[in-house]
Amino acid sequence: MKAAVVLFPGTNRERDMMIALKAVTGQSPSLLWHGETSLPDLDLVVLPGGFSYGDYLRCGAMAAHSPIMREVRAFAERGGHVLGVCNGFQILTETGLLPGALLRNAGLRFLSQDCHLRVENAQTPFTSKWAKGDVFRTPLAHGDGNYVADSKTLDTLEGDGRVAFRYAGMDGTVDAADRTINPNGSVNAIAGILSANGRVCGMMPHPEDLVDPLMGGEDGKPLFESLVEALSR
Amino acid sequence: MSTKHKTVDADLAREFGLSAEEYDRVLSIMGRTPSLTELGVFSVMWSEHCSYKSSRKWLKTLPTTAPWVIHGPGENAGVVDVGEGLAAIFKMESHNHPSFIEPYQGAATGVGGILRDVFTMGARPVANLNALRFGAPETLRTREIVDGVVRGVGGYGNCVGVPTVGGEVNFHRAYDGNPLVNAMTVGVARQDRIFLSAAAGIGNPVVYVGSKTGRDGIHGATMSSAEFDENALAKRPTVQVGDPFVEKLLIEACLELMATDAIVAIQDMGAAGLTSSSVEMAGKGGVGIDLDLDAVPQREPGMTAYEMMLSESQERMLIVLKPERTEQARAIFEKWELDFAVVGHLTDTGHIVVRHRGEVEADIPLDPLADQAPIYDRPTAPLPAPEPVGDIHDPLGLEKTLTTLLGCPDLASRAWIWNQYDSTVGGQTAQRPGGADAAIVKVDDTTIGLALTTDCTPRYCKANPRAGGAQAVAEAWRNITATGATPLAVTDNLNFGNPEKPEIMAQFVAAIEGMGEACRTLDFPVVSGNVSLYNETRDPDGTTQAILPTPAIGALGVLKDVRQHIGLAMPEKGTLLLVGETKGHLGQSLWLREVLGRETGDAPEVDLQAERRNGDFVREQILAGNVLACHDVSDGGVLIAVAEMVMASGHGCELEPPQSGMRPEAFWFGEDQARYLVAVSGDGTGFAATAKAAGVPVRVMGRIGGDSLTLPSGAILAAARLRAVNEAFFPALMDR
């Protein structure tokens with residue numbers, strides 16, 4: 001699997017992502033500068049977390065207009081696989097590669113804590129190492145992770161199995177109104193979604209920060225193992 | 001303050017914070033009346049904040065060397081050897097005054113400033129910590145300050161992408177008008193790529209990089225060197241505004257440049273901005289420096305030389321480059337979309353010469369500016385004896401006392417705060433806040449672990465500054481030890497009141513003596529630090545209130561193999577033992593304050609030999625793999641420490657009756673030092689025998705198991721109930 005991680009000014013979780021990808025593939029992914037106007041031969045583009053351009057405008061809004069994103073969009077339109085985590089998810093919604101938007105957390109404070117995610121669709125290149133309904137722990141760290149979309153979009157996402165992950169209790173209970181379970185107040189407790197072709201995935205939490213027992217566990221590893229299985233040539 | 005048309009005289013000098021005698025010294029050095037810009041340079045360089053004029057005599061008494069110390073005080077941050085050719089670079093610094101005036105920006109720029117002190121030496125920052133002291137929680141102003149400071153620390157640290165992994169918080173009414181925000185950064189560098197600030201090479205270009213210069217923060221260093229009066233909030237224009245996004249770019253650009261050999265010297269523009277960076281770099285290198293202010297990137301038009309030299313605009317660095325590498329350096333900063341300007345060059349004149357619009361605005365000889373900087377040996381008054389503890393009785397009973405203390409401001413769960421700080425970014429945080437007595441951060445691509453903590457118990461320091469100074473160092477050493485790490489060195493952030501008052505100066509001197517003694521006994525040198533004086537508020541009636549003396553200690557320890565560290569969470573089963581002697585000291589305890597409403601008595605005795613013996617024993621046992629979990633006993637005493645272990649995992653413990661021969665509350669809530677709770681497998685007899693053989697007092701506390709804390713009376717407190725009590729305080733205070 002040839003993977004690349006995109007670096008915008010203000011990206012700050014690129015090293016975490018590179019560590020996670022290296023942990024499953026054995027090799028470091030390449031780094032792509034935001035000003036690049038072409039992509040190398042790739043199977044996966046990752047947009048990592050951070051505060052691109054300071055996020056002084058809407059989170060991800062500036063990055064969505066950077067030169068590399070024209071290439072990432074074309075790559076996705078050609079059927080390429082794209083993973084956006086945290087700021088990367090925000091950039092994907094700002095680019096229009098994924099529907100909806102991410103608002104300020106419902107509590108209006110930055111949140112950095114562990115959460116639990118329930119796998120809603122295990123038949124995707126991002127989730128195949130889990131079974132539907134599996135619950136795993138992962139850190140989250142964001143100020144703007146409150147997912148919203150209009151009702152028609154939500155119906156489509158829910159109806160077509162495009163909700164990849166939902167915030168849940170340890171036992172898999174989902175209650176969007178319970179902020180101990182759905183910390184940022186996302187609609188339908190949605191934590192991660194997929195594009196119509198299932199090849200673009202955006203999610204707010206950080207599975208890349210939980211791939212090593214020493215750092216508290218390996219609960220996030222199946223995401224990367226799924227990608228390796230789907231995309232190895 | 002408007003300065004455009006001011007006449008330079010003794011009155012203006014006083015307004016700038018210089019005494020009459022200091023101004024006379026300026027006149028004698030210059031041989032003429034200084035220009036406004038020159039007066040500004042003298043006033044900031046000779047401010048308490050930059051010159052350490054009241055503290056320097058005493059700081060020199062602290063131990064600063066050890067075989068593992070690479071650079072002690074005097075550089076931008078302290079540098080210690082952590083093995084494998086790597087160095088940890090760290091420092092703690094205060095941003096107290098700005099954080100009262102404008103909590104969000106004050107705290108945010110405090111984080112930004114300490115980050116620059118560390119990466120300017122070539123280190124990638126790997127962890128932030130912060131030690132915060134707030135006023136009485138029931139006031140609206142305290143809540144505003146807590147909210148702004150926590151948002152500011154998080155807003156900056158989260159964006160820059162450096163994990164905030166630890167710290168401490170206290171509340172006390174003595175901080176009502178003067179909160180303390182002490183920020184610490186730890187970075188890692190290769191030992192052969194450490195960058196210093198001494199300029200060298202006559203003719204070499206002096207380069208300005210980072211943000212543009214604006215009018216913010218002018219005279220911030222002077223403001224930080226005076227007490228507050230009722231007009232403090234009018235000083236908001238002296239507070240800087242931070243831009244963590246630019247800081248992130250600056251870190252990446254500087255580290256990229258540092259990977260080349262283009263840099264001769266580098267220093268961040270912190271307090272007193274362009275003035276202190278240029279004066280200190282040239283002064284340390286024994287050279288002169290010419291600055292051309294027309295070349296300085298400016299945020300707004302029409303700035304004067306005075307304003308530019310005294311601006312404390314953030315996210316700026318000054319670099320002396322090898323001349324042939326200028327274009328290479330420029331390309332790196334342009335790639336990161338940062339300003340890059342050659343603003344001067346080094347000279348052999350020994351003077352700093354500042355030119356602006358064709359005029360010489362300042363021309364000051366550097367040697368006397370440094371050598372004749374005032375140093376004061378301020379008088380001290382005898383310290384008052386601690387108030388007697390007074391009558392002791394137990395009005396609440398054990399169970400109610402436990403829940404009262406667990407919910408009190410100084411012991412309540414800090415999760416509300418640390419959940420607003422990104423503690424995992426970087427992917428190297430092996431112990432997040434609350435998981436162990438010290439945060440554990442792995443050094444990327446190695447097995448090395450860094451153990452990090454900040455500690456101080458201000459109420460002890462008030463009662464007995466000497467014991468309090470020693471206790472702060474001892475507790476930091478103990479917190480590192482309790483993870484299995486070897487304590488290496490400390491950074492100190494000495495927050496005190498007005499040193500011109502003999503009773504305050506006496507606190508300062510005694511605290512340093514206590515710290516020094518502890519640092520020497522524990523082989524724990526001071527490698528960097530910061531002094532913040534004049535932490536007082538003047539009330540409208542003219543009386544002043546000083547903060548509690550607060551010598552905050554930031555400390556660093558190392559594990560060769562990070563996998564050997566342990567946390568404090570109670571394991572599923574085994575035996576809980578108490579290492580160290582319990583005498584039942586209740587003076588200045590949280591029990592006394594929260595239950596009987598008194599802040600009386602002496603600080604607990606700090607027996608440094610016992611600290612060393614007990615700590616070295618515990619660390620050996622951890623590294624030998626004989627300990628499942630360990631937690632030091634500090635604020636609130638041994639029962640609180642047990643409850644914290646239970647809450648951390650949800651696994652319980654059935655406690656044995658208290659030690660005979662003392663009041664039960666003295667056993668459970670006394671704050672004797674040099675003690676650790678250790679959880680071991682089995683019945684603990686092997687561990688106890690080893691401890692006794694080593695001359696270390698040990699006592700079985702209870703059997704580990706279940707999901708509740710069972711008191712000797714048979715009362716059962718479920719872990720979930722303890723957590724609910726412990727976690728209630730902050731949300732109730734802040735989210736109402």
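Sequence lines set the chain letters: A, B, ... in the order given, protein chains first and strands last, and positions in each chain run from 1.
- Chain B forms more heavy-atom pairs under 4.5 Å with one residue of A/Met17, A/Glu14, A/Arg15, A/Arg109 than with any other, namely A/Arg109.
- For B/Asp243, the parts sitting under 4.5 Å from any heavy atom of chain A are the backbone and the side chain alike.
- Comparing B/Lys248, B/Arg432, B/Glu337, B/Gln420 by heavy-atom pairs within less than 4.5 Å of chain A, the highest count is held by B/Gln420.
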Show your working on side-chain hydrogen bond (donor to acceptor under 3.5 Å, both in side chains) between B/Thr185 and B/Asn128 and close with a plain yes or no.
CA-CA 5 Å; B/Thr185 293; B/Asn128 280 333; 2.7 Å; yes
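- For chain A, the nearby parts of B/Gln428 are the backbone and the side chain; heavy atoms of each come within less than 4.5 Å.
- A/Asn184 and A/Tyr167 form a side-chain donor-acceptor contact under 3.5 Å, judged by distance and modelled atom types alone.
- For a residue to count as touching a neighbouring chain, one of its non-hydrogen atoms must lie under 4.5 Å from one of that chain's; by this rule B/Thr424 touches chain A with backbone and side chain alike.
- B/Arg116 and B/Gln314 are linked by a side-chain donor-acceptor pair at a separation below 3.5 angstrom, with hydrogens and angles left out of the test.
- Residues B/Arg299 and B/Ser313 bring a donor and an acceptor atom of their side chains to less than 3.5 Å of each other.
- The part of B/Lys442 that comes within reach of chain A is its side chain, from C-beta onward, which places non-hydrogen atoms under 4.5 angstrom from that chain.
- The parts of B/Val562 that come within reach of chain A are both its backbone and its side chain, each placing non-hydrogen atoms under 4.5 angstrom from that chain.
- Contacts between A/Ile19 and chain B at a heavy-atom distance below 4.5 Å involve the side chain alone, from C-beta outward.
- Using a 4.5 Å cut-off between heavy atoms, A/Tyr56 contacts chain B through its side chain alone, with no backbone atom that close.
- Interface summary for chain B: among A/Gly107, A/Pro9, A/Ala141, the most heavy-atom pairs under 4.5 angstrom belong to A/Pro9.
- Residues B/Val165 and B/Leu129 are in side-chain contact: their nearest non-hydrogen atoms beyond the backbone lie under 4.5 Å apart.
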Using side-chain hydrogen bond (donor to acceptor under 3.5 Å, both in side chains), reason through B/Trp416 and B/Glu727 one step at a time and then give a plain yes or no.
CA-CA 8 Å; B/Trp416 182 90; B/Glu727 288 169 4; over 6 Å; no
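- Side chains of A/Asn87 and A/Gln90: a donor-acceptor N/O pair is present below 3.5 angstrom, by distance only.
- Taking the centre of each ring, A/Phe165 and A/Phe136 come in below the 6.0 Å mark.
- Ranked by heavy-atom pairs shorter than 4.5 Å toward chain A, the options B/Pro244, B/Gly435, B/Gly427 are led by B/Gly427.
- A donor atom on one side chain and an acceptor atom on the other are not found under 3.5 Å apart for B/Thr447 and B/Asp561.
- Side chains of A/Ser112 and B/Asn419: no donor on one and acceptor on the other come within 3.5 Å.
- Contacts between B/Trp418 and chain A at a heavy-atom distance below 4.5 Å involve the backbone alone (N, CA, C, O).
- Using a 4.5 Å cut-off between non-hydrogen atoms, the part of residues 30-40 of chain A that approaches chain B consists of A/Trp33, A/His34.
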Report the C-alpha distance between A/Asp144 and A/Asn105 in whole Å, list the side-chain angles of each, state the deciding distance to 0.1 Å, and finish with yes or no for side-chain hydrogen bond (donor to acceptor under 3.5 Å, both in side chains).
CA-CA 5 Å; A/Asp144 298 73; A/Asn105 293 343; over 6 Å; no
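- With a threshold of 4.5 angstrom between heavy atoms, A/Pro139 approaches chain B through side-chain atoms but not through N, CA, C or O.
- A salt bridge links A/Arg13 with B/Asp422; the closest basic N to acidic carboxylate O contact falls under 4.0 Å.
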